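This report refers to the structure that appears directly beneath it.
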There are 2 protein chains.
Amino acid sequence: MAVTIRDVARASGVHVSTVSRTFSAPHLVNAETRTRVLAVAEGLGYRPNRAARALTTGRTHNLGLIVADIANPFFPPLIKAAQAQARERDYHVFVADTDEDPLLEQELIETLCKQVDGVLLCSPRLSNRVIERLRAQVPFVVVNRRLKGLTTVLMDVGQGAGVAVEHVAGLGHRRMALLTGPAGSWTSGEIRQAATDRTAELGVELTVIGPNEPTEHGGLAAAQAVAASGVTAVLCYNDLVALGLIEGLRERGVDVPGDVSVIGVDDSLPGRLSRPKLTTITMPTAAAGRMAVDLLLATIAGPAAGAPPRTTVRLETGLLIRESTQRVSSS
Amino acid sequence: MAVTIRDVARASGVHVSTVSRTFSAPHLVNAETRTRVLAVAEGLGYRPNRAARALTTGRTHNLGLIVADIANPFFPPLIKAAQAQARERDYHVFVADTDEDPLLEQELIETLCKQVDGVLLCSPRLSNRVIERLRAQVPFVVVNRRLKGLTTVLMDVGQGAGVAVEHVAGLGHRRMALLTGPAGSWTSGEIRQAATDRTAELGVELTVIGPNEPTEHGGLAAAQAVAASGVTAVLCYNDLVALGLIEGLRERGVDVPGDVSVIGVDDSLPGRLSRPKLTTITMPTAAAGRMAVDLLLATIAGPAAGAPPRTTVRLETGLLIRESTQRVSSS
DNA sequence: CTCAGGACTGCAACCAGTTGCATGAAACAC
DNA sequence: GTGTTTCATGCAACTGGTTGCAGTCCTGAG
């Protein structure tokens with residue numbers, strides 16, 4: 001039913017291989033023949049079948065993009081950028097959501113890998129050991145997870161967290177809390193490390209509360225502990241947790257930023273539109289998405305193409321000061 | 001390099017066709033042989049190649065999901081649900097973002113259609129004529145667009161909009177504005193129709209402002225016009241527009257809900273986390289995603305499978321009253 | 001005039017599966 | 001004991017492209 005290369009061949013009076021070459025190796029066919037074949041193909045509405053092509057070439061021109069939770073506002077900008085960049089390079093992308101479940105993540109990778117040339121793992125919850133085993137099956141690029149021997153794109157959230165601590169200390173706060181994220185999260189570990197180091201240097205007392213669910217519910221649930229801890233500033237795993245926390249504090253009569261300053265991470269849409277506008281650590285999600293796709297394609301092309309086989313790209317983060325942080329009240 | 005059906009056949013001493021059948025038609029092979037083949041396959045780490053299978057069966061077991069803008073918080077829950085439902089049915093899904101560009105949308109459908117068994121079009125910006133032409137190439141299910149002869153899933157936003165108008169009227173408002181969305185949007189048209197009808201019935205004066213960009217910028221940009229119009233209530237195309245509007249009004253010293261009541265559409269994350277919490281029309285996005293996938297699969301299976309060839313499913317919406325609407329001030 | 005080389009194009013095998021048909025053996029009925 | 005099913009499996013063609021090899025024709029050098 002669909003028009004194939006053979007239909008085009010018949011209609012233009014050449015062999016199928018010539019038609020094939022007009023599309024995949026145009027320089028090998030006579031200019032005149034080429035234009036004729038192209039005209040016929042156009043007329044018939046021929047579109048090459050990528051699956052069939054993949055069978056011989058071993059290149060599907062598809063990528064897999066695996067994220068923990070599509071609904072988490074951190075991911076959509078990354079997905080959008082990755083997908084746009086891929087299309088630019090003539091690749092399509094499968095998007096899969098693991099629901100924060102490592103087993104599902106693994107299963108997904110295994111079923112997907114036959115259909116894709118490479119997989120982008122964003123903030124994986126999988127253990128390093130499993131990733132190590134899976135990388136034999138398909139090229140990987142990992143976002144926000146450190147893995148030696150693998151190409152990774154990291155958002156240097158530790159740097160931003162350090163700046164955030166400085167900001168808070170500069171406002172006179174002496175006791176702060178950190179709401180951590182899920183146990184397997186590299187980002188959470190980085191934030192924690194940086195916060196621990198920087199608070200120690202600056203003589204700020206740090207209370208670590210967590211792990212917390214990476215959503216507004218996590219923040220809401222932690223409000224009690226935060227209120228009880230007596231801190232005047234809180235750094236949260238992400239914007240959602242921060243917004244949930246602010247909500248929870250408000251319910252307890254604690255004002256943000258009047259009584260407690262709150263900082264999020266991601267610079268996501270809800271934080272931009274909330275009230276008070278959230279002071280947050282900006283994450284270069286779109287850049288990371290684009291970069292990850294390009295690195296993945298380079299990895300696929302192979303070391304022959306001059307691509308360094310393994311790279312670690314660190315992208316800068318920053319602190320965006322808005323309304324949820326304030327000089328400590330002199331009470 | 002990858003282990004194929006022939007490797008399994010060789011290792012288990014049967015013909016490739018027997019191996020093929022153990023996977024795609026197990027009842028045709030002897031139980032004993034089957035278990036042996038399965039054991040060998042497991043041992044070798046064999047995974048069927050879906051692309052190769054697709055070549056003969058014509059079924060790729062892939063779906064395409066096309067949305068206008070992944071970063072718009074309306075879509076992620078829908079994508080998440082659709083993708084989860086598809087996986088449940090052993091389908092993978094390509095997600096593509098059209099950047100609200102009809103041409104890109106068309107191009108995307110055309111390149112994707114050879115690789116998928118069906119396409120889910122969410123809030124398409126494409127003209128009906130083009131969709132009509134493309135449907136010959138690949139089965140469609142359309143979300144939030146009315147198209148005769150095509151299976152569609154509609155969120156009955158008109159109903160919700162009617163209830164919203166009643167709510168506002170019940171609070172004593174006599175002059176309200178409607179901020180419409182993009183020109184091609186079916187949803188926007190539905191809201192407008194319902195708002196026009198219901199305000200007329202209830203003796204409320206309606207000012208229509210638009211089209212507006214479907215983001216917070218659209219709302220921000222419309223704030224001037226709203227402030228100048230003298231209305232005391234505004235129904236917005238979506239939550240983002242509503243939040244942008246609230247922000248813009250605040251900049252002009254207009255309080256929400258004190259001076260003006262604002263209602264959004266979508267019940268998206270930012271609206272839940274904003275301040276005041278947004279009164280909004282709830283959209284059954286997750287249900288729509290799941291339903292659309294099931295209808296698409298039914299369409300693919302063909303009328304032979306007992307599926308009605310064309311269906312229109314209308315899902316109910318509702319009004320979620322939170323903090324951004326208030327009884328009109330008696331000034 | 002001959003021969004080498006290059007530019008095009010056709011031929012046919014191949015990719016990893018699926019499937020209609022044929023074959024063979026066992027089970028069953030008569 | 002023969003004929004008929006039934007079950008399990010093998011054979012080979014087929015899906016839609018790609019690609020190494022070979023053949024043809026043409027051009028230019030010697």
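What you see is a predicted model, and the numbers here were worked out from it, not measured in a lab. The analysis underlying the following values was restricted to heavy atoms, covering all of them including side chains, and did not include hydrogens, waters or symmetry mates.
Evaluation of atom-type donor-acceptor distances gives no pair under 3.5 Å for the side chain of A:Arg47 against the base of D:dG16. For A:Arg21 against C:dG10, a side-chain-to-base donor-acceptor contact under 3.5 Å is present. Residue-to-nucleotide contacts include no donor-acceptor pair under 3.5 Å from the side chain of B:Arg53 to the base of C:dA16. In terms of polar N and O atoms assigned as donor or acceptor, the side chain of A:Arg50 never comes within less than 3.5 Å of the base of D:dG17 in a complementary pairing.
D:dT18 atom P lies 14 Å from atom CZ of A:Arg59, rounded to whole Å. Look at CZ on B:Arg34: it is 10 Å from P on D:dT9, rounded to the nearest Å. Rounded to whole angstrom, the span from the NE2 atom of A:His15 across to the P atom of C:dG10 amounts to 7 Å. One interatomic measurement links the two molecules: NE2 of B:His27 to P of C:dT19, which rounds to 11 Å at whole-angstrom precision. Remark: P of D:dT9 and CG of B:Asn30 are 5 Å apart, rounded to the nearest angstrom. C:dG17 atom P lies 9 Å from atom CG of A:Leu55, rounded to whole Å. The distance between atom CD1 of B:Ile5 and atom P of C:dG17, rounded to the nearest whole Å, is 5 Å. Following rounding to the nearest Å, A:Gln115 (CD) and C:dC15 (P) show an atom-to-atom distance of 20 Å.
Comparing C:dT19, D:dG17, D:dT19 by their closest approach to the side chain of A:Asn49 singles out D:dG17. Candidate nucleotides C:dG17, D:dG17, D:dG10 were compared by shortest atom distance to the side chain of A:Arg6, and D:dG17 ranks first.
Ring geometry for A:His92 against B:Phe94 counts as perpendicular: the plane angle is over 60°, on a 0 to 90° scale with 30° as the lower cut.
Nearest-nucleotide positions on DNA chain D for B:Gly13 and A:Thr4 put B:Gly13 closer to the 5' end. Residue-to-nucleotide proximity on DNA chain D shows that, of B:Arg36 and B:Lys114, the 5′-proximal contact is made by B:Arg36.
A salt bridge is defined here as a Lys NZ or Arg NE, NH1 or NH2 lying under 4.0 Å from an Asp or Glu carboxylate O, and B:Asp69 with B:Arg125 fails to meet this definition.
For A:Val313 against A:Met291, the heavy-atom pair with the smallest separation is CG1-SD, 3.9 Å.
Distance check, rounded to the nearest 0.5 Å: CG of B:Leu121 to CZ of B:Arg135 gives 12.0 Å.
Taking 4.0 angstrom as the limit, A:Thr56 places none of its side-chain polar atoms (N or O) nearer than this to OP1 or OP2 of D:dG16. Using a 4.0 Å cut-off, some side-chain N or O of A:Thr33 falls inside it from OP1 or OP2 of C:dT9. OP1 or OP2 of D:dG17 has not a single side-chain nitrogen or oxygen of A:Ser20 nearer than 4.0 Å.
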A:Arg50/A:Asp90 under side-chain contact (heavy atoms from CB on, under 4.5 Å): CA gap, chis, key distance, verdict
CA-CA 11 Å; A:Arg50 284 165 170 242; A:Asp90 198 25; 2.7 Å; yes
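In this structure, A:Val19 reaches neither bases nor backbone, as no heavy-atom distance under 4.0 Å exists between it and the strands shown.
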